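Report on the structure given below.
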Number of protein chains: 2
Amino acid sequence: MEQINLSARQKKILKFIETFLKENGYPPTIREIGEAVDIASTSVVNYNLNKLVEHGLIERAPEVSRGLRLVGQEPLPELPVQYADSKVVTQIPLVGKIAASLPVPQPEDFGYYYDKDDLIEVPQSIVGAVSSTDLFALRVTGDSMIDAMVADGDIVILKRQNIARNGDMVAVWLSERGETTLKKYYLEGNRVRLQPANPMMDPIYVNAEQVNIQGRVLAILRTVH
Amino acid sequence: MEQINLSARQKKILKFIETFLKENGYPPTIREIGEAVDIASTSVVNYNLNKLVEHGLIERAPEVSRGLRLVGQEPLPELPVQYADSKVVTQIPLVGKIAASLPVPQPEDFGYYYDKDDLIEVPQSIVGAVSSTDLFALRVTGDSMIDAMVADGDIVILKRQNIARNGDMVAVWLSERGETTLKKYYLEGNRVRLQPANPMMDPIYVNAEQVNIQGRVLAILRTVH
DNA sequence: TGCGAGATCGCACACTCGTTCGTATTTTGA
DNA sequence: TCAAAATACGAACGAGTGTGCGATCTCGCA
């Protein structure tokens, strides 16, 4: 049995490819990998990717953009829940908070273990058949989402995904404004119309490349005391 | 249900994306699709891909090479989960709708039988130990509750009670105005201050005898789509 | 101290690939 | 039958993207 000896960078790269693929349905580019794991030079990413090929962990198609494939795809660790014969509740990790001034927490920020206190229970009738590993929840802090009809203390239940369909309610990071917001998403040409849920508020328009979709909003939950 | 009507080309494209993805692990480019289905122009492929997006069969990431994803091809739906022994959901009847112009439905209005479709499932962690016979749910219609941060289509989960403590969020019927509203309740002397959940809105003051408490709000649930 | 292999960096070339635009052809509906 | 809408075409632009190369850095080892 060959001993696999990966550097920290190579592990990060592998991990990133895995999550990127799951979220987007297509592999990342060399530059996207570099940005994600803090490598300035594309050639270094290329170098490490070739190392991963040598170890047999990935395959590459030469001269092909996003020409990556994971081999030996390991299943993602499951949430700590029991299976039973009837379906009722999905447990969703409450992984952080969301505010206008904060970017949405990323998976590497919280890893795959969750505090038991930070599990939100949601009836499956609400989240549907979405895989529970794609779900996460954030607590809203501050009143900055008022135009999305979301109050301080509300819990937003999201499906992690980076692209959306028109009309979806999404959590987006606006790079130019340095701002997180919840809006309805409409791609119109090469700009995006972000429409507040509150019908009395006006939409804002942003160039598509400045809109980073963090997840699609499935539900909003407010408990009063 | 909308009838999906695909042209032969669009079917071929969809089929090709599927097999290409399975063989390569990454999606095809527009030109690869064109070559496979005998389309000379990339713009025609682009055109038909957008049609598939309109039908909700694929998703596209703009300006991204191979930025395709099939929808409805998700990995197997997660197995439903549940605690082995304890009961984790309470079923609450959705007995009607609530709007500013309507009084809250009374028990005699809906009796003790409910349509099975009109049962809302709520985790017990949200409603606590409240007897399920005291619980009911209403669907908000219209935008009249915007100042309570409650949108059209939201579901309000209530405990039926006629008195409230200061700070409770309650559904009240204002007899003088002929109006139903959701507010925070504060008894101040012999008048009542009703404070909107939205901190930007001002409270209203009503004589105590004109305030008919219909129930205490336990939670508000909003599902998107 | 000196050496050499592995790892990293910056950069630029050339190909890849989504998008756009003007035009042509086919289909649709009154 | 005619005009509008839908679909198709071809070409070109420009940003996206993999690759190659020389230089620099790190670290173990003699």
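What you see is a predicted model; the values in this text were computed from it and never measured. Sequence lines set the chain letters: A, B, ... in the order given, protein chains first and strands last, and positions in each chain run from 1.
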| said: Whole angstroms only, please: what is the CD1-P distance between B:I33 and D:dA8? | reply: 14 Å
| task | Measure from NZ or CZ of A:R69 to the centre of the six-membered ring of B:Y26, then state whether that distance is under 6.0 Å and the direction lies within 45° of the axis. | result | no
| message | Tell me whether A:Q210 at atom CD has more than 12 heavy atoms from other residues, nucleotides or ligands lying less than 6.0 Å away. | response | yes
| field | Presence of A:K51 side-chain N/O under 4.0 Å of C:dA7 phosphate oxygens OP1/OP2 | value | yes
| Does A:R60 have a side-chain nitrogen or oxygen under 4.0 Å from the phosphate oxygens OP1 or OP2 of D:dT19? | yes
| remark: Sorted by chain and number, sequence neighbours left out, side-chain hydrogen bond (donor to acceptor under 3.5 Å, both in side chains) with B:E63 holds for none
| side-chain contact (heavy atoms from CB on, under 4.5 Å) against A:R193, all qualifying residues, sequence neighbours excluded | A:Y186, A:E188, A:Q195, A:P203, A:Y205
| query | Between B:R9 and D:dA6, is there a side-chain N or O to OP1/OP2 distance below 4.0 Å? | reply | no
| query | What's the CG-P distance between A:N46 and D:dG18, to the nearest Å? | reply | 9 Å
| Between atom CD1 in A:I30 and atom P in C:dC17, what is the gap in whole Å? | 13 Å
| said: Check the phosphate of C:dC17 against A:S65, side-chain N and O only, distance under 4.0 Å to OP1 or OP2. Yes or no? | reply: yes
| query | Would you say B:R66 reaches C:dC17's phosphate, i.e. side-chain N/O to OP1/OP2 under 4.0 Å? | reply | yes
